[in-house]
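One structure is given here, and the rest of the page talks about it.
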Number of protein chains: 2
Amino acid sequence: MLNDSLLPKHVQLRAALLKTIEEDLQPGAMIPSERDLTTRYDVSRATVRAAISSLVNEGRLTTVPGRGTVVTRPRVESNLHLASFTQDMRQRGHRPSTEVLSAAVVEAGEATAKALGIGAGDPVWEIERLRLADDEPMAHEVSWYPEAIVPALGDEDLSGSIYAILEATYGVVITDAQQTTWAEQAGHTYAHLLEVAETAPVMVFDRVGSSNDGPVEQTISRYRGDRYQLSMSLQRGPSAR
Amino acid sequence: MLNDSLLPKHVQLRAALLKTIEEDLQPGAMIPSERDLTTRYDVSRATVRAAISSLVNEGRLTTVPGRGTVVTRPRVESNLHLASFTQDMRQRGHRPSTEVLSAAVVEAGEATAKALGIGAGDPVWEIERLRLADDEPMAHEVSWYPEAIVPALGDEDLSGSIYAILEATYGVVITDAQQTTWAEQAGHTYAHLLEVAETAPVMVFDRVGSSNDGPVEQTISRYRGDRYQLSMSLQRGPSAR
DNA sequence: CATTCTCACTGGTACGTACCGGATCGTACC
DNA sequence: GGTACGATCCGGTACGTACCAGTGAGAATG
């Protein structure tokens, strides 16, 4: 039945099961019992269990002692992914808008230069924007992009997604980012911009976005603590000592 | 050798291995061979392999065909993972300690009951702890665990990792969690506990930890904004609209 | 002395058996 | 008609055997 090849049987069986649960079965449906599968595919139960446990481990199947093994209902998408402010707000049910505060070429500071892998003092576009949701301030953002990568960024309409401009005009696709977040008091400057008290808490994000060719963007955002929250899923990872 | 006993042997063996790789072995060191472990603990090789593969799955061990099984070198990157406070602080170079403020069985609130998949009013252990790093307050934590799962939690030493207790005593392994975070002002209660101003910003985490059998824990933590930050990597999700 | 070969040992694969406790359902008994 | 029992399914646990393909150290060879 199996043995098309050099692949271990439990790997082949795994693939076969995956195919059936994707094509023929609905979430919540039961797959054949382990003992049934042993005769169907003419393998031992240990092999069947190896295949199944691999799929259980990836969250595709769930075992229920005494009943059987069922196809897992697909999980709601993890909320933590790389999205532009615009996408993010729409997904949360808000109407996003943007106020461009400034856009100019400046010399890269030390931290920015290091983050972007360029020299300190190299020219970078500095874009400062206020982000609104339903016409109320949600976040303040300052972003830096190397001029060498996006020479004419200032000519574009910066009230929308800069990621879209990068992609359409410069063929640069930001595929992943690393960000650090912490909590601060708004303070003089941002209290005014965000229309909150000076002692109001804000969530600060320091993000470096990268394309396949390396870092492209650094952004420091300050979100109003009273209007923003972030959800994420955690797995027990390799470094979960 | 094993058989303390209500727990399956491979779970006990898993715990035993985890202890040795945490206490006696350096990253990169090899653990005894599978056949060696069968005689040491007087179990079958299948049992040994079950214990090992569970640890491999969580990234604590790595198997090398023809050579052996080695303790995984912890990676410094990927800062966003499921880790206990103790683990987290050690990784950040701090010396963690804990002050247990209270531990009692209470009736589950509505939000907690919903998160844990139990009935409102069902008995849950409520553990309130102050977490210190280098003897200074870092975070305040309140956790809830269903009494049905951990009947005698109050008898344990709660100044360390509760995850470790869950695993060692109850055979419950928290493998993943969903958490939401936002920024707040410390306020009366927490300002005093965390030794900061009432207007000082804190990062709040509302986390639900789950084992393979479902939710086990809800924890609400408040971290001092001036002492804590969170790093994470973002990928462009499947629907990168 | 350098190379090659052998061989013990590793994890990986695959088979078999056996028994347990939980779930389900039909059936026999009040 | 409702309850209790038992047969029978399920996955979970645990044991055993056997062989394979890499690895690596030491022996045999050049």
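Since the structure is predicted, the reported quantities are computational estimates derived from the model, not experimental observations. Numbered from 1 within each chain, the chains take letters A, B, ... in sequence-line order.
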Using nucleotides 3-5 of chain C, report all nitrogen or oxygen pairs with the protein that are shorter than 3.5 Å.
none

Just to confirm, is there a sub-4.0 Å distance from OP1 or OP2 of D:dC15 to any side-chain nitrogen or oxygen of B:K9? yes
Under 3.5 Å, is there a donor on one side chain and an acceptor on the other for B:Q229 and A:T180? no
In Å, rounded to the nearest 0.5 Å, how long is the span from CZ of B:R224 to CE of B:M138? 8.0 Å
Might you confirm whether atom CD of B:E107 has over 12 heavy atoms from other residues, nucleotides or ligands at distances under 6.0 Å? no
Return the value, rounded to whole Å, for the distance between atom CG of A:L37 and atom P of C:dA14. 15 Å
Please produce a list of atom pairs where a protein N or O lies less than 3.5 Å from an N or O of nucleotides 7-11 of chain D.
{"unit_1": "D:dC10", "atom_1": "OP1", "unit_2": "A:S33", "atom_2": "OG", "d": "3.0"}
{"unit_1": "D:dC10", "atom_1": "O2", "unit_2": "A:G66", "atom_2": "N", "d": "3.4"}
{"unit_1": "D:dG11", "atom_1": "OP1", "unit_2": "A:T69", "atom_2": "OG1", "d": "3.4"}
{"unit_1": "D:dG11", "atom_1": "OP2", "unit_2": "A:E34", "atom_2": "N", "d": "2.8"}
{"unit_1": "D:dG11", "atom_1": "N7", "unit_2": "A:R35", "atom_2": "NH1", "d": "2.7"}
{"unit_1": "D:dG11", "atom_1": "N7", "unit_2": "A:R45", "atom_2": "NH2", "d": "3.3"}
{"unit_1": "D:dG11", "atom_1": "O6", "unit_2": "A:R35", "atom_2": "NH2", "d": "2.9"}

For residues B:F85 and B:P96, report the shortest heavy-atom separation together with the two atoms involved. CE2-CB, 4.0 Å
Rounded to whole Å, how long is the line connecting atom CG of A:L61 with atom C1' of D:dG12? 16 Å
Heavy atoms of A:L13 and A:V48 approach each other most closely as CD2-CA, 3.7 Å
Nearest to the A:S44 side chain among D:dT13, C:dT13, C:dC15, which nucleotide is it? C:dC15
Once you round it to whole Å, what is the distance between P of D:dA21 and CG of A:L7? 15 Å
Which of these passes side-chain contact (heavy atoms from CB on, under 4.5 Å) with B:P215: B:I118, B:I174, B:V208, B:I149? B:V208
Closest contact, heavy atoms only, B:A133 versus B:R227: O-NH2, 3.1 Å
For B:H10 and B:A51, which heavy atoms make the closest approach, and how far apart are they? O-CB, 3.5 Å
Starting at OH of B:Y41 and ending at C1' of D:dA14, how long is that distance when rounded to a whole Å? 18 Å
